[in-house]
Number of protein chains: 2
Amino acid sequence: MPTDLPVSYETFWQDERLACAVSAALGVIAGRWKVLILRELLPGAQRFNQLQRALVGISSKVLTEQLRQMEQDGIIHRQDFAELPLRVEYALTPLGRQLHPVLHLMHQWGSDYLARQPQRWEQWVSQDD
Amino acid sequence: MPTDLPVSYETFWQDERLACAVSAALGVIAGRWKVLILRELLPGAQRFNQLQRALVGISSKVLTEQLRQMEQDGIIHRQDFAELPLRVEYALTPLGRQLHPVLHLMHQWGSDYLARQPQRWEQWVSQDD
DNA sequence: CAGGATCCCGTGGGATACTG
DNA sequence: CAGTATCCCACGGGATCCTG
């Protein structure tokens with residue numbers, strides 16, 4: 001039912017439906033590995049195995065799942081070069097690249113949060129640093 | 001949308017551990033009802049039943065869980081007025097209030113996303129409008 | 001190389017009922 | 001009013017092995 005979205009500052013967050021936009025954004029990036037995948041793709045396109053090596057601990061099944069979802073959500077693009085050995089590259093779409101400011105702000109808040117809740121560090125620390 | 005990013009742009013996202021900050025922020029707001037609770041609390045403190053009435057469909061158990069987690073995460077504060085009938089108020093902490101810009105940016109991105117993926121609307125639409 | 005196919009499991013969250 | 005106490009289940013995600 002809600003179609004046009006008046007994204008003005010005054011109406012922000014007033015309307016029930018506007019909350020959905022936040023939930024939608026959340027749904028798109030809330031996967032276990034998605035922000036990490038986004039980070040890997042920020043510098044440029046990456047191949048499947050490059051991603052898998054970067055994301056230490058992820059299985060190929062899960063990586064495939066996350067990539068497929070992100071592709072369906074329109075934030076990454078999958079390019080299959082029909083050649084042997086197989087070569088597939090994943091890259092951010094414009095929409096995906098527009099997540100950068102969001103991630104940046106989340107990072108800022110998160111850093112502040114972690115500084116105040118040091119005991120909560122360990123659950124977010126990557127194993128591979 | 002802000003394509004130009006503020007200050008510490010160089011350090012952002014370079015380090016493994018900086019990704020954790022994003023994941024941490026995500027973990028704090030990723031609950032099924034948390035952004036909705038945040039929105040309810042933005043105008044000011046709310047009582048338990050006020051929240052439950054606003055969040056149509058939530059059970060008291062789940063509401064309690066989400067509130068407890070958010071309290072533990074330091075983004076809301078629980079004030080128990082020891083009086084009868086029982087009265088407990090939940091309010092944002094300063095840290096919680098600092099999520100506002102994050103939510104705002106997520107809302108902007110989400111609106112853009114929903115505009116491009118109209119078929120995905122329904123899964124985010126609230127039932128109570 | 002880039003996945004598919006299976007099997008498996010913890011847990012976030014829902015439904016319902018009860019209580020100080 | 002502001003919660004507990006149980007029971008329950010889907011599903012996101014992990015582990016392992018297989019393939020065009």
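Only a predicted model underlies this, so the values are computations on that prediction, with no experimental measurement involved.
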Whole angstrom value for the distance that separates [atom2] of [N] from [atom1] of [X]:
X	N	atom1	atom2	answer
B:Arg87	D:dA2	CZ	C1'	13 Å
A:Ile37	C:dA2	CD1	C1'	14 Å
B:Gln52	C:dA15	CD	P	12 Å
A:Glu71	C:dA2	CD	P	15 Å
A:Glu83	C:dC1	CD	C1'	11 Å
B:Gln46	D:dG3	CD	P	14 Å
B:Glu89	D:dA2	CD	P	9 Å
B:Met70	C:dG12	CE	C1'	16 Å

Inset, instruction - Look at all strands and tell whether B:Phe81 reaches a base, only sugar-phosphate, or nothing, counting heavy atoms closer than 4.0 Å. - result: nothing

Inset, instruction - Would you name the heavy atoms of B:Val28 and B:Lys34 that are closest together and state the gap between them? - result: O-CD, 3.2 Å

Between [X] and [N], is there a contact of a side-chain N or O with OP1 or OP2 at under 4.0 Å?
X	N	result
B:Tyr90	D:dC1	no
B:Arg47	D:dA2	yes
B:Arg78	D:dG3	yes

Inset, instruction - Check whether any side-chain heavy atom of B:Glu40 lies under 4.5 Å from a side-chain heavy atom of B:Ile37, and answer yes or no. - result: no

Legend entry - Side-chain touch B:Lys61/B:Glu65, heavy atoms, less than 4.5 angstrom: yes

Which side-chain N or O atoms in residues 77-92 of chain B pair as donor and acceptor under 3.5 Å with protein atoms at least two apart or in another chain?
from, atom 1, to, atom 2, distance (Å)
B:Arg78, NE, B:Tyr90, OH, 3.3
B:Glu83, OE2, B:Arg87, NH1, 3.4
B:Arg87, NH2, B:Glu89, OE2, 3.4

Inset, instruction - Please work out which of the three classes, parallel, tilted or perpendicular, describes the rings of A:His107 and A:His104, given edges at 30° and 60°. - result: tilted

Legend entry - Side-chain donor/acceptor of A:Trp109 to backbone N/O of B:Leu95, under 3.5 Å: yes

Legend entry - A:Gly74 backbone acceptor or donor facing A:Thr93 side chain under 3.5 Å: yes

Legend entry - Protein-to-nucleotide contact annotation, 5' to 3' order, nucleotides 4-20 of chain D [B base; S sugar-phosphate only; - none; under 4.0 Å, heavy atom]: BBBB-----BBB----B

